Amino acid sequence: MNITEIIKEGTALAVKELYNHEINVNDVNINSTRKEFDGDYSVVVFPFTKVARKKPEQIGEELGKYLVGKYDDLINYNVIKGFLNLEVSNKYWNQYLSQVAEKETFKKPFHGEKIMIEFSSPNTNKPLHLGHVRNILLGWSSSKIYEALGYEVQKVQVINDRGIAICKSMLAWQMIGKGETPKEAGIKSDHYVGKWYVEFEKLFQAEYQTWQKTDAGQSIFLNDKKDGQEEAAFFKGFKNTYFNEHSKVGADAKAMLLKWEDNDDDVRSLWRKMNGWVYEGFDTTYRNLGIEFDKLYYESDTYLLGKDIIEDGLSKEIFYKKDDGSVWIDLEDAKMDHKLVLRRDGTSVYMTQDIGTAEHRFQDFGAKRMVYVVADEQNYHFKVLFEIMRRMSASYADGLFHLSYGMIDLTTGKMKSREGTIVDADDLMTEVIEAARVNALEKGGLEGLEEARKKDVYRKIGLAALKFFIIKVNAKKRMIFNPEESVDLQGNTGPYIQYAYVRIQSVLKKAGEVDTSIATKYENLGVTEKELIGQIYRLDEIIRMSADQFDPSFLASYCYEMAKTYHRFNHDHRIIKAESEEAKAFRIRLCKVTGKVLQFVMELLGIEMPERM
RNA sequence: GGCUUUGUAGCUCAACUGGAUAGAGCACUUGACUACGAAUCAAGAGGUUGCAGGUUCGAAUCCUGCCAAGGUCACCA
């Protein structure tokens, strides 16, 4: 049994014996003792004042005396206000360290449970951007965390490969692309398709502007405008209607979508060609980011799913049909609205697809837990979806989870494609790696290394800076992205943690073979040494917490704290020329374990460690 | 307007889920390389936790009401 459990159980036992009152072990409130006081763990004694009918200080004394008397590993106590500070023996810490040093891995063995995690989910008409990067890092990291807890994880990407958006790119390319390929244009292929999407918007805007001046445009403006509305404001709001009802290119794009749905050979082959370009580009981006998927779902395969489930639900009276033939669900008793699930022409909407896809995936993989990594703008959608699945009595309904994250803002405001402020994922990676290269050359720590390995280190450092910068922020919160800070290499950053690891490797290399078996004879543990072991001790707890809340940011601050303690330890103590052989053996062991933990946790965050930097 | 999320140092974020004097980094001011890597360490300054009430031995955290910002309320995805 580990020390925190001993303290909790001992306290519960003490309360029972001393005050004749039963309490739940988990209700014992303990935390790490603050630095300014003596001790390792503190028990909060206020909750016992009622049952003991004594002052907190007196209860603290009595509990402290009881615990220290009963358990050898607790060697001292003091009471300050309502807090009982307990000191754990050096022997305990030292033995704990030797146990951890024996471990081959911190990963838990497979226990049979499965979890599916969907993330990234791009559209094929545009390249990946900063928003996707946050999504991907959260999804990837959550996958790694659940794997570490012994789950079988299925990493899934849904590709939104159909719809009006990709038709716009296709149409523009067909109209003015003259059969050009991305290779001929010298542009990364997903960016190339994105370029035609932008070209379409230009064509459309030009057409729209011209139309606004025509008699037809003016008469609609004069008839439909609200009182006192400016012409520019009116036409801004009218854009969608214009696209759907008046636009030539809009009609062409819609016609193309219909042809696509009719399986028209020419349209389908153009669609396959251009999506192929996009996938090629995405693959490169994913590879550079260091991530991969186990399975891809294409919306073109799944967009018709779900209708049969709606029929089934209709017969069970979970849904109802309106006079016009459209199908709805009434969620008012769950404090939501009525929601459409089938159009009056019988075609599906977004919700229908998601209902069908959930069932489809469950049949594919059989995971009771399915996680959707999607930005918080879709909170309501998922709330509705999960409620519907519950009412359909899906066996996995309670295992559905929306990993909702806040969107990223820039220091200058929101990212908007129309204003050209979208931060592109490929550009971003190039920039951070370049910044890492410039910095590494300045520091000169890589001299003598061959060029290919140097490049690998630049990549690891740059990506660490970028990934850590994003992942250290609580997933649920909206965050502000400052490009300059994202390439910072000092302070609370990925490279700071990498540097701790590199220092460890350097020490271990210089030390050579050291017999660590005498480490447990070392008795005078210093403050930073104890602190470091105390942090190692918390690894499982932090992983558990990140998993439960689907938030890797806990692990990010955990490794930052640990790296920081290591740097201080490294500064305060001599390792290779320690004051005794026991001290040296102990510190080498501490270095090894710290290095292993740091590497393990950073891997859960999707960040690689360099051996030098 | 309904529902919902957020508001903490000049800036970017923490605070282990109700515990002790609210902590880090950046930026700013100092100090430490003839020490195992200075991408480091040590120190200084910086706060009415949006505001006002309430619950509690104890509130940044829970409740209520305001204020501000975001999201969402499509037969879009």
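Just so we're on the same page: letters track the sequence lines, and every chain starts at 1. All figures in this text were calculated on a predicted structure; none of them were measured in a lab. Keep in mind that the numbers below use all heavy atoms, side chains included, and drop hydrogens, waters and symmetry copies.
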Heavy atoms under 4.0 Å, any strand shown: does [X] hit a base, just sugar-phosphate, or nothing?
X        : value
A:Pro47  : base
A:Phe469 : nothing
A:Tyr558 : nothing
A:Tyr496 : sugar-phosphate
A:Lys335 : nothing
A:Asn244 : nothing
A:Ile575 : base
A:Ser506 : base

Exercise for review: Scan A:Val45, A:Thr11, A:Ile7 and name whichever one has a side-chain contact (heavy atoms from CB on, under 4.5 Å) with A:Leu84.
Suggested key: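 Option passing the side-chain contact (heavy atoms from CB on, under 4.5 Å) with A:Leu84: A:Val45.
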
Look at [X] together with [Y] and state whether they make a salt bridge at an N to O cut-off of under 4.0 Å.
X        : Y        : value
A:Lys564 : A:Glu561 : no
A:Arg459 : A:Glu608 : yes
A:Lys460 : A:Glu611 : no
A:Glu57  : A:Lys55  : no
A:Lys35  : A:Glu531 : no

Review point. Does A:Glu36 or A:Asp488 map to a spot on RNA chain B nearer the 5' end, using the closest nucleotide for each?
Key: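 This one resolves to A:Glu36.
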
**Study point:** Upstream residue (5' side of RNA chain B) when A:Ser553 and A:Lys476 are each assigned their closest nucleotide
**Key:**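 Nearer the 5' end of the strand: A:Lys476.
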
Say you pick atom [atom1] in [N] and the same atom in [M]; how far apart are they, in whole Å?
N      : M      : atom1 : result
B:rU12 : B:rG50 : P     : 15 Å
B:rC11 : B:rA27 : P     : 16 Å
B:rU5  : B:rU21 : C1'   : 32 Å
B:rA68 : B:rC13 : P     : 23 Å
B:rG70 : B:rA52 : P     : 24 Å
B:rG46 : B:rC28 : C1'   : 10 Å
B:rA24 : B:rA14 : C1'   : 7 Å
B:rA60 : B:rA42 : C1'   : 30 Å

Check your understanding: If we require ring centres under 5.5 Å and near-parallel planes under 30°, does A:Phe37 stack on B:rA20?
Key ->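 Yes, A:Phe37 stacks on the base of B:rA20.
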
**Study point:** Ring-base stacking, A:Phe46 with B:rG58 (5.5 Å, 30° cut-offs)
**Key:**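 One would not call A:Phe46 stacked on the B:rG58 base.
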
Check your understanding: Can the ring centres of A:His21 and A:Phe48 be said to be less than 6.0 Å apart?
Key ->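 Between A:Phe48 and A:His21, which both carry aromatic rings, the centre distance is not below 6.0 Å.
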
Check your understanding: Ring centroid separation for A:His402 and A:Phe386, is it under 6.0 angstrom?
Key ->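 Distance test on ring centres: not under 6.0 Å, no.
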
Exercise for review: Take nucleotides 67-77 of chain B nucleotide by nucleotide from the 5' end and write B, S or -, depending on whether a protein heavy atom sits under 4.0 Å from the base, only from the sugar-phosphate, or from neither.
Suggested key: ---SSSS-BSB

Check your understanding: Does B:rC33 adopt a syn or an anti glycosidic conformation, taking syn as a chi angle within 90° of 0?
Key ->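 Here the answer is syn: the torsion falls within 90° of 0.
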
Exercise for review: Sequence neighbours left out, what passes ring-ring contact (aromatic ring centres under 6.0 Å, His included) with A:Tyr19? Give chain and number order.
Suggested key: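 Not a single residue meets the ring-ring contact (aromatic ring centres under 6.0 Å, His included) criterion with A:Tyr19.
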
Check your understanding: Would you say A:Thr516's side chain and A:Ala519's backbone share a donor-acceptor pair under 3.5 angstrom?
Key ->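 Such a contact is absent between A:Thr516 side chain and A:Ala519 backbone.
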
Grab the [atom1]-[atom2] distance between [X] and [N] for me, whole Å please.
X        : N      : atom1 : atom2 : value
A:Asn482 : B:rA27 : CG    : C1'   : 12 Å
A:Lys564 : B:rA15 : NZ    : C1'   : 13 Å
A:Arg503 : B:rC33 : CZ    : P     : 15 Å
A:Arg34  : B:rA14 : CZ    : C1'   : 13 Å
A:Lys383 : B:rG2  : NZ    : C1'   : 12 Å
A:His402 : B:rU5  : NE2   : P     : 14 Å
A:Asn474 : B:rU6  : CG    : P     : 9 Å
A:His571 : B:rA43 : NE2   : P     : 11 Å

So if I take every side-chain heavy atom of [X] and compare against [options], which nucleotide ends up nearest?
X        : options                : value
A:Tyr499 : B:rC36, B:rG19, B:rA39 : B:rA39
A:Phe554 : B:rA15, B:rC41, B:rA24 : B:rA15
A:Val473 : B:rA24, B:rC11, B:rC13 : B:rC13
A:Glu485 : B:rA39, B:rU12, B:rA24 : B:rU12

On the nucleotide [N], are OP1 or OP2 found under 4.0 Å from the side-chain N or O atoms that [X] carries?
X        : N      : result
A:Lys472 : B:rC13 : no
A:Arg568 : B:rU40 : no
A:Lys477 : B:rG7  : yes
A:Lys81  : B:rU21 : yes

Check your understanding: In terms of the angle between their ring planes, are A:Trp260 and A:Tyr303 parallel, tilted or perpendicular, with boundaries placed at 30° and 60°?
Key ->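 The rings of A:Trp260 and A:Tyr303 sit tilted, inter-plane angle from 30° to 60°.
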
Exercise for review: On the 0 to 90° scale, with breaks at 30° and 60°, tag the A:Phe569-A:Tyr566 ring pair as parallel, tilted or perpendicular.
Suggested key: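 Tilted: the ring planes of A:Phe569 and A:Tyr566 meet at 30° to 60°.
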
**Study point:** Atom pair OH/OG of A:Tyr405 and A:Ser553 - distance to nearest 0.5 Å
**Key:**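 Reported value, rounded in 0.5 Å steps: 15.5 Å.
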
Exercise for review: Go through the N and O atoms of the side chain of A:Ser42 and the base of B:rA20, and report whether any donor-acceptor pair is under 3.5 Å.
Suggested key: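 Yes.
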
Check your understanding: Dot-bracket for RNA chain B: what is it, with Watson-Crick or G-U pairs under 3.5 Å, [ ] where a pair crosses earlier ones, and | for a pair to another strand?
Key -> (((((((..((((.....[...)))).(((((.......))))).....(((((..]....))))))))))))....

